[in-house]
Amino acid sequence: MSEKKNSLEHIAIIMDGNGRWAQKRNLPRAAGHKKGAEVVKEIAQEANKRGIKFLTLYAFSTENWNRPKDEVDTLMGLLRQYLKSDFSELQKNNIRIRVIGERNMLDKDIVAQIAKLENDTEQNTGMVLCLAISYGGRHEIVNAAKKIAALVKKGDMSESDVDIKLFSDMLYTQDMPDPDLLIRTSGEQRISNFLLWQVAYAELFFSSTLWPDFTAQELDEIIENFGSRERRYGKV
Ligand code: FPP
């Protein structure tokens, strides 16, 4: 009899360890981020090949703005490059791009490029690659609360309309299912303000691999492990 596997639609990843990867090689931290960006491309393609419907990657947090300016510039440069140059690759692989986060904090050209890429890949029917850029879970929840308060104040909604579904619909991830699996690399075991609302029932997986060393093979091992976990959602 074959074992029943958990269904896996949405994987979220906290890509941690770029700095340590570079430090171990006596390289500047920027080299770790650059290698990390290459791994993003590979893992996105491999996840898509495996039929994953949504892959959400934590590329830059609201707290990352507090890093030294040259490191912020490096990360923004890599994101800019990724958003500008990977269109044909995404089209070829039928991948749809989504970006979640505080767009008002990003440079105008990046905001414009995000809007273009989201629009140009909108019809793609393969995996949704959701990049969390300038993203903070608490900001997202506060923004949702503000939107609801404004609607109630205007009289478009009453307090009794507010429930879990409605609240979820006010988040950046409104039309996405919650992550089934959350992976964090580099051995740290924290959520770090990532998808706080959405990971309520996600299975957590902490890998000691530094993100630039992360491979499709390890992804497969984690998916295999996920398949054998018992998901109860609070039930017995
Ligand atoms: C954590 O490593 C990683 C980040 C803060 C950014 C993640 C960014 C990338 C993988 C590259 C750009 C992304 C795209 C989508 C092109 P860290 O710097 O905190 O590492 P450390 O904990 O070892 O110092």
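When a ligand or atom number is given, it counts from 1 through the structure's own listing order. Throughout, residue positions are numbered sequentially from 1 according to the sequence presented.
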Shortest protein contact, [atom] (heavy atom only):
atom                    : result
atom 12 (C) of ligand 1 : Ala37 CB, 4.1 Å
atom 19 (O) of ligand 1 : Arg67 NH2, 2.8 Å
atom 3 (C) of ligand 1  : Met15 O, 3.0 Å
atom 22 (O) of ligand 1 : Arg20 NH2, 2.9 Å
atom 11 (C) of ligand 1 : His33 O, 3.6 Å
atom 6 (C) of ligand 1  : Ala59 O, 3.3 Å
atom 14 (C) of ligand 1 : Leu79 CD2, 3.7 Å
atom 9 (C) of ligand 1  : Asn18 ND2, 3.6 Å

So Thr56 and Phe194, do their side chains get closer than 4.5 Å, heavy atoms only?
yes

For Gly36, is there any backbone N or O sitting under 3.5 Å from a side-chain donor or acceptor partner on Trp211?
yes

Would you check if the side chain of Asn64 reaches a backbone N or O of Ser61 as a donor-acceptor pair within less than 3.5 Å?
yes

Arg25 atom CZ: more than 12 heavy-atom contacts under 6.0 Å
yes

So for atom NZ, which belongs to Lys34, do other residues, nucleotides or ligands contribute more than 12 heavy atoms lying within a distance under 6.0 Å?
no

In terms of side-chain heavy atoms, does Glu102 have a donor or acceptor partner in Tyr172 at a distance below 3.5 Å?
yes

Is it the case that Arg67 places NZ or CZ above or below the six-membered ring of Trp65, under 6.0 angstrom from the centre and within 45 degrees of the axis?
no

Should the pair Arg96-Glu122 be classified as a salt bridge under the 4.0 Å nitrogen-to-oxygen rule?
no

Please state whether Arg29 comes within less than 4.0 angstrom of ligand 1, counting heavy atoms only.
yes

Does Asp16 reach ligand 1, in the sense of a heavy atom lying below 4.0 Å from it?
yes

Check each atom of ligand 1 against the heavy atoms of [X] and keep those under 4.0 Å away; list them by number with element.
X      : result
Gly19  : 17 (P), 18 (O), 20 (O), 21 (P), 23 (O), 24 (O)
Asn64  : 5 (C)
Tyr82  : 16 (C)
Trp211 : 10 (C)

Anything under 30° is parallel, anything over 60° is perpendicular, the rest tilted; go ahead and classify His10 against Phe54.
tilted

